[in-house]
Every structure is written in C-alpha cells, then in structure tokens.
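Worksheet for the structure shown next.
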Amino acid sequence: MHDKTIAQLSAGLAAGTFSSEELTRALLARIERFDPQLNAFITVTAERALAQARAADARRARGEAGPLTGVPIAHKDIFCTDGVRTSCGSRILDRFIAPYNATVVEKLDAAGAVMLGKTNMDEFAMGSSNETSFYGPVRNPWQLDAVPGGSSGGSAAAVAARLAPGATGTDTGGSIRQPAALCGITGIKPTYGRVSRWGMIAYASSLDQGGPMARSAEDCALLLQAMAGFDPRDSTSVDRPVPDYRAALTQPLAGLKIGLPQEYFGEGLDSAVAAVVEDALTEYRRLGAETVAISLPNSRLAIPAYYVIAPAECSSNLARFDGVRYGHRCENPRDLLDLYTRSRAEGFGAEVQRRILVGTFALSAGYYDAYYLKAQQIRRLISDDFRRAFAEVDVIMGPTSPTVAFKLGEKVNDPITMYLSDIYTIAVNLAGLPGLSLPAGFADGLAVGLQLIGDYFAEERLLNVAHQYQQLTDWHQRAPAAFA
Amino acid sequence: MSLGPAEVAKIAHLARLAIREEDVPAYAHSLSAILDLVEQMKAVETAGVTPMAHPLDMAQRLRADRVSEADQRERFQAIAPRTEAGLYLVPKVIE
C-alpha cells in the first residue's frame, strides 16, 4: 500500500480494497522501521492517527467520505496541532503543546485526512538543509549522507521514502520547492494569501505560504483543494473562490508559452542539473508547448533583498518568544531582562539568532532607509520583472535548485553559500507568485527538480502543466531503492 | 559593511539575546558577511521606486469589534513556565 499515490489510495479506500485503519497501521509500521535512518519525524502520533483512521472508516460506512477521507498524511511541525507538541524545530518550543489547530490542520482534519505525525524542519523554517533543527538533521532517502533540503526537509524525506503519501510544508524562500527537488517529489507553493497562515508559526509574514508536498501533481491538487480558501482569521487571506484543481489537470498543453529566464541558466548552475532541465523542456516541446527566452533582469538582487526583508520580519515575529507565557524559560532569572535574554539565547539556535540580529540591525535607527526601505524597493523591481514576463508567457520554467542535494555538513558553517541554494526560488516569494517543483530526472543518483512559476492564482495551470509532464514521464514514480 | 564586537553586543541587546562573549567574534564575522551580500543592492538605482511591503496590493481587512473567542485561560496557562492564581509569574519588576 505504501507505494500508492494519494489518488490511488483514495480509490482503494472507496472500493473497500483496504480500510483506513489497515493503511494507517501499515504506514506507522514503516515509520517505526525506517524513520530511525531518516529522522523525518519529530513526533509520531500513532494513537491519534488510529483514532482518526477508525473515524474515517466509520464516516465512509455512513456514505460521507470525500477524496481525502482516511488518507494518512504528515504535517510539518510548524503547523499548530491541538494537544500535540508543535516545536517548529526549536528548543524554545520543545515542550510547547499547541492549544489549538492551524486552519490548514483543521481543514485537512475536516476532509477526513489522518495525521501520522509532525515532520522535522529547519528551526523556525530558517535553513535550506534541515541541519538547523534542534532535533538533528534529516537524511536524504536517495543518499543518506546528503541533505534533504529545507526547510520542509522532514516532509520531503517522509514522502520520498514512502512513509507518508503526502505532507504539508511551508515556503518562505523555497522551503517547499527546494526540498521537493532534492528528494525527488512534487511540491507547490501557492500564491501568497491562497492558503491560510493562521496557526502556522510565523517566520517572515509577508513571504510565508503553506502548501502541499506529495509524489505527483495530481496528489498535490487533491491536498491543495482541501487546504486552500478564505480564512477570516488570517488578515492576509484572499477571499476568492477555489477552483477545481483536479478537473483542470487534463487540459492539453498545445500552444502553451513557456518563458525561460536567461538568468536561471547561467553561471552557478551545475551542468548535470542543466542537462536534466533541458531534457524536461524537450518533453514539453513534444507536448506542444513553445519555449521563448525571457529576462528577469533583477534576479541577482533577490537574495540580497530577501536577507534584509526576511530577517527584519523574523526579528519582529520572534520577539514574542520571551519565556513568559509559553516556551523555554531559563533557570533562576535575576531580573526580567535576564529572563528575556537568557531564555532566548538558550532557546534559539545559531542560525535563528543570526537572522534575528541581522533583522534587528536592518530595522535599527540610522540603517532603516539604507537596508529595509531599499530592500522593499528592490522587491518592487523583482515583482515588476515577473509582471512584464507574464504579459508574454503563460509559465516560467527553470531549475528549482542550482545543484543536487549536497552532503550533510558541507555548507552548515558557511551561511552565505547555504543561502545561494535558494537562488532560483526566493524571487517567487518576494513577488508572492505560485511556484511548483516536480521531479525531472537524476544527476549522480540524486534527484533534480524542474521549477514552474505561474502568474498570481495560476495554481490550476501549474498543476495542469506538471500533471501533463507526469503523464509522459515516470520520474515522479521512482522510489529510492532502500525505501521502495 | 563590517560590524565590530561592540556593535554586535549593541544589536544583541536590542534583540534581547544574551550572546556569550566568546561567540561575539563569530557573530561579527558572519553578520558582516551577510551585510556584504546585502550591499549588492546598492548597485541599483531605486530613486522613485515605490517600496513593496507586501505581495498583494490589498487593504488591511478589519473585523467587527466583538468577542469571538471563548475564555481559555486555564488551557493557555497550562503551558506557561510559571503561573500562580491565574497570573503569569516573572521576576520582580518594581522594587
């Protein structure tokens, strides 16, 4: 059962081939057997999962099942789950039992999905390798000495290793797409505002967006259908109808105009990755699409602007962790200042502290205009680049990441090199556009992702374009040998 | 832009982070490297460009000013480091 996609599991449950309880037990057994090698889960919620599975089976018996009823999934440990530890990969929340559910969790619960557990992640979603987690790094199922990418590395590894058919993730600068690429799965970051951020622990609020990670575009469509929609509790949620994502998958691609930004194929792109991407583009031409060269001239400024905006927002968002109402508190504080400063220094890891410091600096008196305001102006230029491009093309394609998965420990002591692994994904968050990564092949035995970028609220189109490719290729069906 | 140990200590104070003395040079080094990366922005003329604070040009939605949450003080305080009689305890603030 573990090798089936969500669409296949949904059909199997509907046909009565297996029950949700049987399926859930099988996956929990796989997690118990394989996760010690991967460290993809921070918390496994076996009892809760079995109770949800039995409830899903009962719901099906009453004739009230939907497509996700009884389908087991995992949640990134950034989403608050009522009564279950929600750590965000941080020591500061190690003992935090969330007192409510995130909207995304509530919606997937309501659809009847079964939560297997909470997946590992870079601390507060700050990282591109999953190595900043307080709970230790996650390993890449394709090569255990390689990183799975980050920050949603636990979700990506769990899906790739067939421990869960789908999982939630969040993406602030590439945190769904980059690990999806490095683990050989499909993941979509929706348009900013499409999926509610309520109960999703904030990193950089104007960039954060939740989305699904699964093996195929069809599975992502099924998950996104349940996750998307207006939420009055998120003040930036967009009140706009959710289209039928699955129905749109079958649209033919003849006449599709694909833009290839020259800036995404230049210096810094690994040649083996480039070759895989070229092959994928050839497949798209075969499907009737036309490719045209475009330019996104301000692309190189995305990382500099991001490393002002995201830290600035994080320094403000993480100010709430003060050791008073919840979270880690230091022993024997001398006074209130000592309580704040030691609780925070003990609770946050080095990368989180680095970003808080950068953000505090950028927002401090005398530097605000030169850094924060300047970065916001650059953000406008980057967004305008995309607006101009989408006047001419339907989708933009390129590599998701400049390299395949790197080795554990290789970049962890060099923040700048680590930051560059998000060079093709960050601009999408700055503009607020939807982006998708799909498996397009392998280089040196490691997965390569193709990135699709769409215009605002074009999730339907991105999933369709990805699905059509997946009808012609089987990269998304490949399983790492040790976890097949 | 290069940050020295004194500047790092000042920023750490503003950020309410008790950074150990021996870690200050490493932070000074990595923060300076990040600021050098960020300086690339200076190469671009942005006079007259409207800053973009948010990806969607939308107005802040407001809700009606009425009670929408039930009282859950006991639940919320169950996860607090220290409470007493329904209050959160912190070290004495006023002598």
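All of these numbers come straight from a predicted model, not from anything done at the bench.
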Taking every non-hydrogen pair under 4.5 Å, which of B/L35, B/T83, B/D23, B/I34 racks up the most with chain A? B/I34
Please name the pair of heavy atoms, one in B/P81 and one in A/G327, separated by the smallest distance, quoted to 0.1 Å. CG-O, 3.6 Å
Region of A/F96 that comes under 4.5 Å of a non-hydrogen atom in chain B: side chain
Report, in residue-number order, which members of residues 3-11 of chain B are under 4.5 Å from chain A by heavy-atom distance. B/L3, B/I11
Residue-level interface, residues 311-324 of chain A with chain B, non-hydrogen cut-off under 4.5 Å: A/G323, A/V324
Checked B/V93, B/T50, B/L14 vs chain A; the most non-hydrogen pairs under 4.5 Å come from B/T50
Decide side chain to side chain contact (heavy atoms under 4.5 Å, CB included) for B/L17 and A/T360; before the verdict, give the C-alpha distance in whole Å, the side-chain angles of both, and the deciding distance to 0.1 Å. CA-CA 11 Å; B/L17 289 169; A/T360 304; over 6 Å; no
Heavy-atom pair count under 4.5 Å with chain B, highest-scoring of A/I382, A/L433, A/D338, A/T236: A/T236
Begin from the C-alpha positions of B/L37 and A/Y419 and carry the test side chain to side chain contact (heavy atoms under 4.5 Å, CB included) through to its verdict. CA-CA 10 Å; B/L37 173 81; A/Y419 296 172; 4.2 Å; yes
Please name the pair of heavy atoms, one in B/M41 and one in A/K374, separated by the smallest distance, quoted to 0.1 Å. O-CE, 3.2 Å
Can you tell me if CZ on A/R91 sees more than 12 non-hydrogen neighbours from other groups inside 6.0 Å? yes
Using a cut-off of under 4.5 Å on heavy-atom pairs, state which of B/A80, B/P55, B/A43, B/S30 scores highest against chain A. B/P55
Part of A/S343 within contact of chain B (heavy atom distance under 4.5 Å): neither
Counting heavy-atom pairs closer than 4.5 Å to chain B, which one of A/A375, A/G359, A/P415 comes out on top? A/A375
Let me know if B/E39 has heavy atoms under 4.5 Å from chain A in its side chain, its backbone, both or neither. side chain
As an exercise: rank A/L357, A/D335, A/L336, A/V308 by heavy-atom pairs under 4.5 Å with chain B and give me the winner. A/L357
For chain A, which of B/S68, B/A33, B/A26, B/A53 has the most heavy-atom pairs under 4.5 Å? B/A53
Going through the checks in order, is the side chain to side chain contact (heavy atoms under 4.5 Å, CB included) test met by B/R61 and A/D239? CA-CA 11 Å; B/R61 202 174 51 245; A/D239 194 356; 5.8 Å; no
Please state whether the side chain, the backbone, both or neither of A/R355 comes within less than 4.5 Å of a heavy atom of chain B. neither
Nearest atoms (heavy-atom pairs only) where B/H54 meets A/R379: N-NH1, 4.2 Å
Heavy-atom neighbours of A/R233 CZ exceed 12 at 6.0 Å: yes
Is A/Y306 in contact with chain B via its backbone, its side chain, both, or neither, using a 4.5 Å heavy-atom distance? neither
Contact part of B/Q40 toward chain A, heavy-atom cut-off under 4.5 Å: side chain, backbone, both or neither? both
Shortest non-hydrogen pair, A/L339 vs B/P91, comes out as CD1-CD, 3.3 Å
Taking atom OH as the centre, does A/Y367 end up with more than 12 heavy-atom neighbours from other residues, nucleotides or ligands that are less than 6.0 angstrom away? no
Go through the atoms of A/A362 and report whether side chain, backbone, both or neither lie under 4.5 Å from a heavy atom of chain B. neither
Using heavy-atom distances under 4.5 Å, tell me whether A/L301 contacts chain B through its side chain, its backbone, both, or neither. side chain
Picking from B/P51, B/A15, B/A12, B/G48, which has the most non-hydrogen pairs under 4.5 angstrom with chain A? B/P51
Name the region of A/D234, side chain, backbone, both or neither, that has any atom closer than 4.5 Å to a heavy atom of chain B. backbone
Heavy-atom pair count under 4.5 Å with chain A, highest-scoring of B/V90, B/V49, B/L62: B/V49
More than 12 heavy atoms of other residues, nucleotides or ligands under 6.0 Å from CD of B/E21: yes or no? no
Does any heavy atom of chain A fall under 4.5 Å from the side chain of B/L56, the backbone, both, or neither of them? side chain
Counting heavy-atom pairs under 4.5 Å with chain B, which one of A/G347, A/C330, A/P304, A/P333 comes out on top? A/P304
Residue part contacting chain B, namely of A/I416, when any heavy atom lies under 4.5 Å: side chain
A/Q377 versus B/T46, closest heavy-atom pair with distance: OE1-OG1, 3.0 Å
Is there a side chain to side chain contact (heavy atoms under 4.5 Å, CB included) between B/R75 and A/Y100 once you walk through the steps? CA-CA 10 Å; B/R75 276 202 86 188; A/Y100 68 102; 5.8 Å; no
I'd like to check B/R16 versus A/L337 (side-chain heavy atoms, cut-off strictly below 4.5 Å). Are they in contact? yes
